Amino acid sequence: ERRAITVAEWAEKWLAARAETWKPSTLQAHTRRLRRHLLPYIGQEPLVTLTSADWETWYRRLRRRTSDGVPRTVYMTTSAMLHAAVSAGIIDSVPLSIPGAARYRSVTDPDGSGPRVLTGSEIQAVAAAVPERLRFAVLLAAVCGLRLGEVTALRRHDLDLGAGIVHVRRSATSIIERGIVEHEPKSAAGRRRIAMPPSVKTSGSAHLSRHAGRGMQALVFPRPDSNGRVHEHQNSLRRALRRAGATVGIPDLKWHQLRHTALTRLARAGATTADLMAVAGHSDVSVAMIYQHSEVERGRGLLASVDQMD
């Protein structure tokens, strides 16, 4: 069996073994990566016969045919699968080891200037360009730093407009064949309270009176004509944001870019690492430091300009 088991067969066994312990969204993400980017290319090869050179060739081709950000996550999933194969005695050692492949790299603008951070005016322009029922969602992401799944999972009792607080208690993920599934945040840090600035609070008040479901358990962003009971589909929000971005001159705008904008602007305002972690729901300091690092580089440029002054 050791020599006969293929990459595809081991991948399916590995995924099946973790189906009971992983969240549905985690299982779907790992499954999608393997089935899209690994199995079509070397899935039928016996796992034990693949050499380090074979795996390096696969990874090099993966980088050529996919966009920024994809190779890292696929590499990490594949590496975890191979480590499990070693533990199971299928292979003697992990043949995939690419220096730097698992390191996080910010996705930059085409001109290499760094991740695009929207200005305050651009945030307002994007919010005005989406359908009215989604304007509050844009502000929650671009000003308060909520993830798309956290936005779509919000219910009326999560918003305290009197205190200007949004409580993040859960997230929502679209699962194939199951629809929208709500689940706990990835870590304890994900459960948090975030202050809403006056403009966001005002938008929230207007939104609740016009578009949210009725009752404290009702969804804040329900699908239209669902009586507040069905989540707005995340693909609908993605399409709406992409169209709004194109309208205001920001092509291929994504929801994570709004969150990135919120956290980077917060860092520019002087937020500490602890502040950023609290707002973002990060449990890993190194992730929060990404936003502060961008400000270090920005400061370097400003200081270089000052150095040239008379």
Side-chain angles (χ1 to χ4, degrees), residues 25 117-118 120 123-124 126-128 130-173 180-223 228-234 236-238 240-241 254-269 271-272 274-283 287-288 291:
S25 57
V117 177
L118 277 65
I123 292 171
Q124 295 302 322
V126 170
V130 298
E132 186 185 50
R133 72 179 192 281
L134 302 181
R135 289 176 184 173
F136 181 42
V138 168
L139 297 180
L140 286 171
V143 178
C144 299
L146 270 67
R147 301 174 175 91
L148 176 58
E150 294 168 344
V151 169
T152 54
L154 287 174
R155 296 178 182 273
R156 273 185 174 265
H157 68 84
D158 296 321
L159 298 177
D160 183 347
L161 293 179
I165 298 290
V166 54
H167 296 261
V168 179
R169 298 183 170 105
R170 71 198 72 78
S171 188
T173 304
I180 299 293
V181 175
E182 289 191 1
H183 52 83
E184 292 291 313
K186 290 183 178 181
S187 67
R191 293 179 63 91
R192 60 202 191 277
R193 298 187 305 163
I194 303 174
M196 291 184 287
S199 63
V200 180
K201 179 180 171 180
T202 299
S203 176
S205 179
H207 177 87
L208 290 183
S209 67
R210 300 171 188 167
H211 304 292
R214 303 303 173 190
M216 296 305 291
Q217 293 295 328
L219 293 166
V220 174
F221 297 100
R223 190 175 301 180
R229 299 175 181 175
V230 181
H231 296 82
E232 180 80 65
H233 201 288
Q234 291 176 1
S236 297
L237 278 83
R238 292 186 182 101
L241 185 66
K254 296 179 174 60
W255 281 91
H256 184 72
Q257 193 170 342
L258 299 184
R259 172 174 159 84
H260 174 83
T261 289
L263 299 178
T264 302
R265 284 166 61 86
L266 188 60
R268 288 178 180 174
T272 65
D275 294 331
L276 288 169
M277 293 177 70
V279 172
H282 288 150
S283 56
V287 178
Y291 302 100

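All values derive from a computational prediction rather than experimental measurement. All residue numbers in this chain count up from 1 along the given sequence.
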So, [X] side chain and [Y] main chain: donor-acceptor pair closer than 3.5 Å or not?
X    : Y    : value
S205 : T202 : no
Q234 : A172 : yes
K201 : L161 : yes
R192 : V168 : no
R156 : V220 : no

For this session: Any chance you could lay out the side chain to side chain contact (heavy atoms under 4.5 Å, CB included) test for F136 and V200, step after step, and finish with the verdict?
Result: CA-CA 7 Å; F136 181 42; V200 180; 3.7 Å; yes
Enter the distance from [X]:[atom1] to [Y]:[atom2] here, rounded to the nearest 0.5 Å.
X    : Y    : atom1 : atom2 : answer
L140 : L159 : CG    : CG    : 7.0 Å
L258 : L241 : CG    : CG    : 5.0 Å
L154 : L219 : CG    : CG    : 9.0 Å
T173 : L148 : OG1   : CG    : 9.0 Å
R268 : L263 : CZ    : CG    : 12.0 Å
C144 : L266 : SG    : CG    : 10.5 Å

For this session: Take R169 and H157 through the side-chain hydrogen bond (donor to acceptor under 3.5 Å, both in side chains) test and state the conclusion after the steps.
Result: CA-CA 10 Å; R169 298 183 170 105; H157 68 84; 3.3 Å; yes
Does the distance from a Lys or Arg side-chain N to an Asp or Glu carboxylate O, for [X] and [Y], drop under 4.0 Å?
X    : Y    : result
D160 : R193 : no
R133 : E232 : yes
E150 : R191 : no

For this session: Determine, step by step, whether L139 and Q124 satisfy the side chain to side chain contact (heavy atoms under 4.5 Å, CB included) criterion, reporting the C-alpha distance in whole Å, the side-chain angles of both residues, the deciding distance to 0.1 Å, and the verdict.
Result: CA-CA 8 Å; L139 297 180; Q124 295 302 322; 4.0 Å; yes
Exercise. Between the side chains of H231 and E182, does any donor sit under 3.5 Å from an acceptor?
Worked result: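 Checked: H231/E182 side chains pair up, N/O donor to acceptor below 3.5 Å.
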Exercise. Side chains of H211 and R135: is there a donor and an acceptor less than 3.5 Å apart?
Worked result: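 Judged by distance alone, the side chains do not pair up.
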Exercise. Where do D275 and T272 land on the side chain to side chain contact (heavy atoms under 4.5 Å, CB included) test, with the steps shown first?
Worked result: CA-CA 5 Å; D275 294 331; T272 65; 3.0 Å; yes
For this session: Could you walk me through whether D158 and R170 pass the side chain to side chain contact (heavy atoms under 4.5 Å, CB included) test, one step at a time?
Result: CA-CA 10 Å; D158 296 321; R170 71 198 72 78; 2.6 Å; yes
